[in-house]
K.L.:
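Before we start, here is the structure in question, set down as structure tokens.
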Number of protein chains: 2
Amino acid sequence: MNPKIDQYDQKILQLLQEDARMSHAELGRQVHLSQPAVSERIKRLEASNIIRGYRADINPKALGYEITAMIRVSTQQGRPYAQYVASCPEIIDCYTVTGEDGAVMRVLASDVEHLQRIINELNAFGSTSTAIVLTTHVSGKAIAVPSLNENKD
Amino acid sequence: MNPKIDQYDQKILQLLQEDARMSHAELGRQVHLSQPAVSERIKRLEASNIIRGYRADINPKALGYEITAMIRVSTQQGRPYAQYVASCPEIIDCYTVTGEDGAVMRVLASDVEHLQRIINELNAFGSTSTAIVLTTHVSGKAIAVPSLNENKD
DNA sequence: GTTGAAACAGAAGTGCT
DNA sequence: AGCACTTCTGTTTCAAC
């Protein structure tokens, strides 16, 4: 799909997903390239929008969010939830999906009262179905380059 | 909840979620603190596990993942899917939740055949329900400090 | 909290192979 | 494409305030 991605790029992408603040020199040491070579590759990966940016990974619980919930909303036509979703800080993921449930969201709340307030507001857009997250097995796992995965044989 | 988080920390966390590679000097300019003061605060936020790390944000589509799907798995007792989930590179999120569906996963696939292979493997752990993502409204929205949000009045 | 200095590390540009 | 070299910027630690 993207013929320009080689093993060096794959490894750089992997390392930057583990630690986005790793220096170009350190990346070069790990992939056996010089620092300018790494810098040039990263610039190209950023320019081609393969690297969209670099984000600090924040621990919600450490900030007081005791509850994570997955809320499915069977959205009704003509109810524009996109704007609400963008403005509601507790909704950190929101996808429109196929099937009965028009939207799936991941929501953070300090406590059950807080969660209920959010559910009440989401009910304006359709019937909701809430599932509390008990365990987060993986969240934001590093993305691998698919072609390099499949062409290993 | 965390009495040590003030407006400076909140702003630093916000900026680092937008650009994790921003320099401490630049952060200092934006929050009106000196660079050593910013460095000390970040060190404290990292030590207290509020900042868990820094991740490159990779564009799945640019790497050839044309399909994102939400798969719900009604897991049956005694089927340990956690290990499979960890080892399957296509599963990038996985949560155990309350309710009928024991697990909710976000999955990347190159095409429908690729998606079907993953669903087939997940069927070993229980009956699955797959919804294709049509629109990603928000994914990984920046987390705000809840106490500072609510105590604005 | 601040500024300023020194030592070190990293980023970016240049030229060369 | 790659590397070596230089220069500028940033980080860290220290001092004194």
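Small disclaimer: the values here were computed from a predicted structure and weren't measured.
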K.L.:
Looking at A:Arg21, does any N or O in its side chain come under 4.0 Å of the phosphate oxygens OP1/OP2 on C:dG10?
P.N.:
no
K.L.:
A:Asp9 and A:Asp6: side chain to side chain contact (heavy atoms under 4.5 Å, CB included), yes or no, with the steps?
P.N.:
CA-CA 5 Å; A:Asp9 293 321; A:Asp6 61 9; 3.2 Å; yes
K.L.:
Does A:Ala124 offer a backbone N or O that forms a donor-acceptor pair with the side chain of A:Arg79 under 3.5 Å?
P.N.:
yes
K.L.:
Heavy atoms from C-beta onward define the side chain here; which of D:dT13, D:dT11, C:dG13 lies closest to that of A:Lys43?
P.N.:
C:dG13
K.L.:
In whole Å, what is the span from the CD atom of A:Gln30 to the P atom of C:dG10?
P.N.:
12 Å
K.L.:
Check this one for me: any side-chain N or O of A:Ser34 less than 4.0 Å away from OP1 or OP2 of D:dG2?
P.N.:
no
K.L.:
Nearest to the side chain of B:Arg29 - D:dT12, D:dG10, C:dT2?
P.N.:
D:dG10
K.L.:
For a quick check under 3.5 Å, do A:Ser39 and A:Gln35 share a side-chain donor-acceptor pair by atom type?
P.N.:
yes
K.L.:
Between D:dT13, C:dT2, D:dT11, which nucleotide has the shortest distance from any of its atoms to the side chain of B:His24?
P.N.:
D:dT11
K.L.:
Decide whether a cation-pi geometry holds between B:Arg21 and A:Tyr54; the criteria are a distance under 6.0 Å from NZ or CZ to the six-membered ring centre and an angle within 45° of the ring axis.
P.N.:
yes
K.L.:
Atom CD of A:Gln35 to atom P of D:dC8: distance rounded to whole Å?
P.N.:
16 Å
K.L.:
A:Tyr54 OH to C:dG10 P: how many Å, rounded?
P.N.:
16 Å
K.L.:
Kindly point out which of D:dC3, D:dT12, C:dG1 is positioned nearest to the side chain of B:Leu33?
P.N.:
C:dG1
K.L.:
Let me know the distance between CG of B:Asp19 and C1' of D:dG10, rounded to the nearest Å.
P.N.:
14 Å
K.L.:
Closest nucleotide of DNA chain D for A:Glu40 versus for A:Pro36: which of these residues is on the 5' side?
P.N.:
A:Glu40
K.L.:
The side chain of B:Ser39 is closest to which nucleotide in this list: D:dG2, D:dT12, C:dG10?
P.N.:
D:dT12
K.L.:
Taking only the side-chain heavy atoms of A:Arg41 (C-beta and beyond), determine which of C:dG1, D:dG2, C:dA11 contains the nearest atom.
P.N.:
D:dG2
K.L.:
Can you check the A:His32 NE2 to D:dC3 C1' distance for me, whole Å?
P.N.:
16 Å
K.L.:
Quick one: A:Arg44 CZ to C:dA12 P, roughly how many Å, whole number?
P.N.:
16 Å
K.L.:
Kindly point out which of D:dT11, D:dG2, C:dT2 is positioned nearest to the side chain of B:Ala37?
P.N.:
C:dT2
K.L.:
Side chain of A:Ala25 only, please: which of C:dG10, D:dT11, C:dG1 is the nearest?
P.N.:
C:dG10
K.L.:
Between A:Leu122 and A:Val73, which heavy-atom pair has the shortest distance, and what is it?
P.N.:
O-CG1, 4.3 Å
K.L.:
Regarding A:Glu26, tell me which of base, sugar-phosphate or nothing describes its non-hydrogen contacts under 4.0 Å with the strands shown.
P.N.:
nothing
